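Numbers for residues simply follow the sequence, beginning at 1. Model, not experiment: these values are computed from the prediction. Side chains are part of it too, since the values below use all heavy atoms of this structure and drop only hydrogens, waters and symmetry mates.
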Amino acid sequence: MIAGNPDYPCAVIELPQYDVTVPLICRLCGNCCRNYYVPVDLESLPAISETLGEPIHMVQARLNDKLEAYRQGRPGDCCFLEENRCLIHAVKPEACRQFPSFTDAAAGNVNCPAHREYKRIEKAFCREFPQARIRMPSSSRKPKRVPDGAWEKIMGVAENEDVSELFLQTFIMLNKAGGL
């Protein structure tokens, strides 16, 4: 979920003449991996096992220990989190790949700075462009490119929301320098 990585989440804000792609830039804080049990489907176990270099039964034991603690009201860090880094990022479970979806409820009780930054930008665009419609990107409909004449206004909205430099760089890459 870092700039340049094709799987980082984003949304498309549809405007009448063009679309604006808004990224969610992970800060690698690990907050989404704390006090939560991540369900892992059985089909994912071989890939996780291979990624960790551990036998499947050891991966299952990790997951079972965490699930039992969670059920007993003792949630802890994900068993695949080490120093705020996901040990299985390349093969992470579906629930992790979708976090946080672009709804206020999806981030739940997680203190996610990336989600807060995204929501500020989303709200700013909706204030500036009341006709805006937000959707997830899809391979069947590519975003309509921002024309040069609209670029200054688009950047003004983004810059006024106190976003990170990485957000601005990724925002520019997605909207001016080629898009999705």
Steps toward salt bridge (charged side-chain N to carboxylate O under 4.0 Å, His left out) verdict (Arg74, Glu68): CA-CA 9 Å; Arg74 299 180 289 116; Glu68 187 58 32; over 6 Å; no
With a 3.5 Å distance limit and no angle check, can you tell me whether [X] reaches the backbone of [Y] through a side-chain donor-acceptor pair?
X      : Y      : value
Lys144 : Pro16  : yes
Ser44  : Val40  : no
Lys66  : Asp77  : yes
Asn31  : Cys112 : no

Determine all donor-acceptor pairs shorter than 3.5 Å in which one atom belongs to a side chain in residues 150-162; sequence neighbours excluded.
residue: Lys153; atom: NZ; partner: Glu128; partner atom: OE2; Å: 3.4
residue: Asn160; atom: ND2; partner: Gly156; partner atom: O; Å: 3.0
residue: Glu161; atom: OE2; partner: Arg127; partner atom: NH2; Å: 3.3

Taking side chain as C-beta onward, heavy atoms only, is [X] less than 4.5 Å from [Y]?
X      : Y      : value
Phe171 : Thr21  : no
Phe167 : Val22  : yes
Pro75  : Arg34  : no
Leu63  : Cys79  : yes
Val12  : Val20  : no
Asn111 : Arg116 : yes

Looking only at heavy atoms, which two atoms of [X] and [Y] are closest? And how far apart?
X      : Y     : answer
Ala132 : Leu15 : CB-CD2, 3.7 Å
Ile56  : Pro46 : CD1-CA, 4.0 Å
Asp19  : Glu14 : OD1-CA, 3.3 Å
Cys86  : Leu81 : N-CD1, 4.4 Å

Distance, nearest 0.5 Å, that separates [atom1] of [X] from [atom2] of [Y]:
X      : Y      : atom1 : atom2 : answer
Ile134 : Lys123 : CD1   : NZ    : 10.5 Å
Ile48  : Glu43  : CD1   : CD    : 11.0 Å
Lys92  : Cys33  : NZ    : SG    : 8.5 Å
Cys126 : Gln131 : SG    : CD    : 9.5 Å
Leu28  : Asn84  : CG    : CG    : 8.0 Å

[X], [atom1]: over 12 other non-hydrogen atoms inside 6.0 angstrom:
X      : atom1 : value
Asp148 : CG    : no
Gln72  : CD    : yes
Arg85  : CZ    : no
Arg71  : CZ    : no

With sequence neighbours excluded, residues passing ring pair (Phe, Tyr, Trp, His ring centres under 6.0 Å) with Phe80: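 With neighbours one apart ignored, the set is empty.
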Criterion side chain to side chain donor-acceptor pair (under 3.5 Å) against Lys119, the qualifying member of His115, Glu117, Glu122: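 Filter result, single survivor: Glu122.
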Donor-acceptor pair between Arg145 and Asn175 side chains, under 3.5 angstrom: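 No - no donor-acceptor pair under 3.5 Å links their side chains.
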side-chain hydrogen bond (donor to acceptor under 3.5 Å, both in side chains): pairs with one or both residues in residues 47-56, sequence neighbours excluded: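 Residue pairs with at least one partner in residues 47-56: Glu54-Arg62.
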Transitive ILVMFWY side-chain link Leu42 to Met58, under 4.5 Å: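 No, separate clusters.
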